[in-house]
Amino acid sequence: FATYNWMIRSFCQMGLHDLAQVLFGYMRSDGHLAESSELLWFMVTAFVHARRFDFAGKLLSELRGLGVQITPFVYNNLLNELVKSNQVHEAVILFKDFLVLESSPDTWTFNILIRGLCRVGEVDRAFEFLNDMESFGCSPDIVTYNTLINGLCRINDFDRGLGLLQELQSGSGCCPDVVSYTSIMSGFCKSGQLEDAYSLFQEMVGSGIKPSIITFNVLIDGYGKINDMVAAEAVYEKM
RNA sequence: CCCUUUAAA
């Protein structure tokens, strides 16, 4: 098994995934599957990086067959890697493959996917995942909502963004925080709606939430872009 | 630079 182990790893590192796949088949036939759980996860990451999601999914099935527990912490990292490299749809495919494992996704898993979908403008798809969370026993948290709010503002859908903010204010779940407000303020600033941004700023301060350095940065930058240096300086004096 | 998830640059 030791020989299979390092040969397969070497092939993966050399980018020879076809050879690694063939070798894995031989190793399996030789009855070494039971001792290969750590190698299996190594191969999963390698094949995902090589965009070979079909075989990665088969490997995950093997892992389940071995009764190996892969924690969400571990595979969230992999999903996040894909999202960061603009491969959200691949991440969604992989997410579905992860469902064959015994371990259930957690809130972070959904937050990563929701963020990815928002980044490519598929906000409605992101909301579908929000609705699916509950069936997996996951509750959306403030990060989930802030991510969605930001996604809405990025596509200039301020009405829905503000609506979600109001939902947080009235709902019993979680309360909006400085990120929620700053996110929408940033959207307003980018589209030159400084009056709306500033009234949100006042609303935030009025509800006892302390603006952060980023909040001020957003406002000052927004006023600078519309050449209102007087207002920009006025905000600067507040910090 | 980050390196399990959210706001500015």
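Order of the sequence lines fixes the chain letters, A, B, ..., with proteins taken first and strands second; residue numbering starts at 1 for each chain.
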* **Results of salt bridge (charged side-chain N to carboxylate O under 4.0 Å, His left out) for A/Asp124 - residues two or more places apart only** => A/Arg160

* **Those residues that, when tested against A/Phe24, pass ring-ring contact (aromatic ring centres under 6.0 Å, His included) (two or more places apart)** => none

* Structure fact -> Those residues at least two apart in sequence (or on a different chain) that pass ring-ring contact (aromatic ring centres under 6.0 Å, His included) with A/Phe158 are A/Phe188

* **Which residues share a ring-ring contact (aromatic ring centres under 6.0 Å, His included) with A/Phe11, sequence neighbours left out** => none

Can you give me every donor-acceptor pair (side chain of residues 112-123 of chain A, partner residue at least two apart or in another chain, under 3.5 Å) with its distance?
| unit_1 | atom_1 | unit_2 | atom_2 | d |
| --- | --- | --- | --- | --- |
| A/Arg119 | NH2 | A/Asn86 | OD1 | 3.3 |
| A/Glu122 | OE1 | A/His89 | NE2 | 3.4 |
| A/Glu122 | OE2 | A/His89 | NE2 | 2.7 |

* Structure fact -> Per-nucleotide protein contact along nucleotides 2-9 of chain B, 5' to 3', at a 4.0 Å heavy-atom cut-off (B base, S sugar-phosphate only, - neither), is B-BBBBBS

* Take atom C1' in B/A8 and the same atom in B/U4, then report the distance between them in whole Å. => 23 Å

